[in-house]
Amino acid sequence: MRKPIIGGNWKMNRGSPAEASEMLKQLIPLVKDIQSVDIVISPPFTALYAVKEILESTNIKLGAQNMYFEEKGAYTGEISPTFLKAIGCEYVILGHSERRNIFKETDALINKKLKKALSMDLSPIVCIGEHLEEREAGKTKEIIQTQMDRTFKEITREEMIRTVIAYEPIWAIGTGKTATPEQAEEIHAFIRELLTQRYDKETTDSVRIQYGGSIKPNNAEELFRQGNIDGGLVGGASLQVDSLFAIIKAADKTRL
Ligand code: PEP
């Protein structure tokens, strides 16, 4: 059985070491006995070091929100995967829709980052998802297929198994409009079909696919109970201890 994964994506919030640590000091004792869910917190780069220290010997893992595909050089403002490894990151979010839409990251660029992350033994969480107009035009599956083909180009079966996919319909991110469990499950099942076409059933059954888009304590459990949804990537609700804990508990409950 796949282990659900709950990722807290703090985006450009809680960037000071003090505020990041403060929240985690409250969360750590609450989740310390949860074994059936992987928990990953991705703070801004400026808080990574402080958060790593707080998370030492806990069951919460550290993730970054982005990285570049080169290890060093004249790339002002970018972050090297080597630095992330050195600081103790295990996960890295790649291709978040905010990176794609605001910073114009393409599938080709994300594919380069993905290959680099895998080569450095970082676990990638790769985001894909459609815009509202694309959904309304009935193009969701077409868009997902294209993103999958391009973003996962030349990714081997072994690499795919080490990669987490986050299906995040863009219209649901930060908007309070969650996909219904049925809408989310349909696309998760479709992503698995695409994985089976490209690899095989065993690979498909091993890849974790999170849902992301306005997950809240009141909708989390129903989403996580869908057979193809393996937890969630959480933005807004990951900024408060109570709501993040409730969402982690919802994922845990689905495995009891
Ligand atoms: C996200 O940023 O990946 C996300 C899903 O945000 P929110 O939960 O706020 O919609």
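All ligand and atom numbering here is 1-based and tracks the order in the structure.
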(message) I need the full list of ring pair (Phe, Tyr, Trp, His ring centres under 6.0 Å) pairs touching residues 70-95, with sequence neighbours left out, sorted by first then second residue.
(response) Y68-Y75
(request) Return yes if a side-chain donor-acceptor contact under 3.5 Å exists between S36 and D252, otherwise no. (result) yes
(request) Using side-chain contact (heavy atoms from CB on, under 4.5 Å) as the criterion, list what pairs up with R157, not counting sequence neighbours. (result) I161, Y199, D200, E202, T203
(message) Using side-chain hydrogen bond (donor to acceptor under 3.5 Å, both in side chains), reason through N9 and S42 one step at a time and then give a plain yes or no.
(response) CA-CA 5 Å; N9 172 15; S42 297; 5.8 Å; no
(request) Collect the protein residues that have a non-hydrogen atom under 4.0 Å from ligand 1 and hand them over in chain and number order. (result) N9, K11, H96, E168, A172, I173, G174, G212, G213, S214, L233, V234, G235, G236
Using distance only, find each side-chain donor-acceptor pair of residues 19-27 under 3.5 Å and give its atom names and separation, not counting sequence neighbours.
| unit_1 | atom_1 | unit_2 | atom_2 | d |
| --- | --- | --- | --- | --- |
| E19 | OE2 | G15 | N | 3.2 |
| E19 | OE2 | S16 | N | 3.4 |
| S21 | OG | P17 | O | 2.7 |

(request) Would you check if there is a donor-acceptor pair between the side chains of E130 and W171 at a distance under 3.5 Å? (result) yes
